[in-house]
Amino acid sequence: MQTPAMNGPRFNEFIQSQKVRVIDHEGENLGVMFTREAMEQAAELGLDLVEVSPNADPPVAKFLDVGKFKYEAQKKANLARKSQKTQEIKEIKMRPNIDDHDYDTKMKKVNDFIGEGDKVKITLRFRGRELSHGQLGMNLLKRVQDDVAEIAKIEAYPRMEGRQMLMVLAPK
């Protein structure tokens, strides 16, 4: 007989081993017994025999309600997924001849983003003749690099892409 494709732990007649180590519904260890015998005891209590540790020798099985067990496992997985932080790339745009106050404001945002665990892409846009003064952009990005050295590492070093110079910072 082919067992149906299952998600979750094996239970009752789907348990494949002959003997299992049994733990009852109150957490008491009942020792090693035949799977049939353990299933009968679980049925008397109105519960299922659920394999909780299939890789052990012999496998460990508990007297549980399968539906409730799967529901709890699903809730736990959803909570773990919800509390997971995805790392985003935030972008800060500057110009090569940015004024000090504007620079400070942008750096405050960079610090906020890195503090939240996000990566920051710094884009320097060149217009007109500014393009012939690439060293101004490099000096500005060097200044940014020095200002965030404590909290961030450079993931992508400054490089030119058309009329823009890019640099990516990541939290340490």
Side-chain angles (χ1 to χ4, degrees), residues 4-11 14-15 21 23 25-27 29 47-48 50-57 59-172:
M6 292 176 45
N7 55 349
R10 289 192 284 252
F11 61 95
F14 299 116
I15 296 176
R21 181 175 304 279
I23 298 171
H25 61 291
E26 295 166 350
N29 188 349
L47 297 170
D48 301 300
V50 182
E51 198 174 46
V52 290
S53 181
N55 298 331
D57 186 32
V60 178
K62 265 186 178 176
F63 293 164
L64 297 170
D65 180 6
V66 171
K68 188 175 179 183
F69 183 73
K70 283 184 178 178
Y71 173 72
E72 294 291 335
Q74 183 67 39
K75 265 180 60 173
K76 221 180 272 183
N78 286 344
L79 185 66
R81 187 167 40 254
K82 195 162 79 174
S83 64
Q84 199 173 46
K85 170 84 171 95
T86 57
Q87 195 174 50
E88 296 180 36
I89 296 183
K90 305 285 188 168
E91 185 173 20
I92 297 286
K93 293 183 179 176
M94 294 184 188
R95 296 282 310 280
N97 54 352
I98 190 169
D99 197 39
D100 285 341
H101 182 264
D102 296 335
Y103 173 82
D104 293 340
T105 305
K106 301 271 187 185
M107 288 311 293
K108 217 174 276 176
K109 286 310 282 179
V110 168
N111 288 330
D112 289 349
F113 291 148
I114 288 175
E116 291 169 12
D118 294 325
K119 292 181 182 181
V120 179
K121 176 179 167 185
I122 296 179
T123 306
L124 265 180
R125 300 202 77 171
F126 292 92
R127 285 174 31 195
R129 287 195 201 145
E130 290 173 346
L131 206 52
S132 60
H133 299 287
Q135 77 278 2
L136 287 177
M138 278 307 246
N139 292 345
L140 181 63
L141 290 180
K142 180 72 177 133
R143 182 175 164 198
V144 169
Q145 195 174 334
D146 293 341
D147 288 350
V148 297
E150 302 283 317
I151 58 170
K153 61 180 185 279
I154 285 77
E155 192 166 273
Y157 285 91
R159 67 182 188 282
M160 283 298 289
E161 277 187 14
R163 295 187 153 273
Q164 305 187 99
M165 191 176 278
L166 305 173
M167 178 170 79
V168 180
L169 303 170
K172 273 192 175 172

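When reading the values below, keep in mind they use all heavy atoms of this one structure, side chains included, and skip hydrogens, waters and symmetry mates.
- Rounded to the nearest 0.5 Å, atoms CD (E51) and CZ (F11) are 11.5 Å apart.
- Partners of E26 under the side chain to side chain donor-acceptor pair (under 3.5 Å) rule, at least two apart in sequence or in another chain, do not exist in this structure.
- In this structure, CG in D112 is found 5.0 Å from NZ in K109, a value given to the nearest 0.5 Å.
- Around NZ of K172, the count of heavy atoms belonging to other residues, nucleotides or ligands within 6.0 Å exceeds 12.
- Applying the side-chain contact (heavy atoms from CB on, under 4.5 Å) test to N55 and every residue at least two apart in sequence or in another chain returns nothing.
- By the side chain to side chain donor-acceptor pair (under 3.5 Å) test, N78 is found to be paired with Q74, R81, residues two or more places apart in sequence or in another chain being considered.
- Proximity of N111 to K108: side-chain heavy atoms (C-beta onward) are nowhere separated by under 4.5 Å.
- Rounded to the nearest 0.5 Å, atoms CG (N29) and NZ (K62) are 11.0 Å apart.
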In a table with atom names and distances, give each donor-acceptor pair under 3.5 Å that connects a side chain of residues 137-153 to protein atoms at least two apart or in another chain.
from: N139; atom 1: ND2; to: Q135; atom 2: O; distance (Å): 3.3
from: D147; atom 1: OD2; to: Y103; atom 2: OH; distance (Å): 2.5
from: K153; atom 1: NZ; to: P171; atom 2: O; distance (Å): 3.3

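- Here the CE atom belonging to M167 is positioned 5.5 Å from the CD1 atom belonging to I154, to the nearest 0.5 angstrom.
- The shortest distance between side-chain heavy atoms of I89 and D118 does not fall below 4.5 Å.
- Minimum interatomic distance between M165 and G134 (heavy atoms only, all atoms of both residues): CE-O, 3.9 Å.
- E155 contributes atom CD, which lies 3.5 Å from atom NZ of K119 (distance to the nearest 0.5 angstrom).
- Checking side-chain atoms of Q87 against main-chain N and O of G117 turns up a donor-acceptor pair under 3.5 Å.
- The heavy-atom pair separating P54 from R10 by the smallest distance is CB-NH2, 3.9 Å.
- Side-chain contact between M160 and L131: present, with at least one pair of heavy atoms (C-beta onward) separated by less than 4.5 Å.
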Donor-acceptor pairs under 3.5 Å, side chain of residues 120-129 to any protein atom, not counting sequence neighbours: which ones?
from: T123; atom 1: OG1; to: E91; atom 2: OE2; distance (Å): 2.6

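- In this structure D48 satisfies the salt bridge (charged side-chain N to carboxylate O under 4.0 Å, His left out) test with no other residue, sequence neighbours excluded.
- A salt bridge is absent between K90 and E116: the closest approach of a Lys/Arg side-chain nitrogen to an acidic carboxylate oxygen does not fall below 4.0 angstrom.
- Residues V52 and F69 meet the side-chain proximity criterion, which asks for heavy atoms closer than 4.5 Å.
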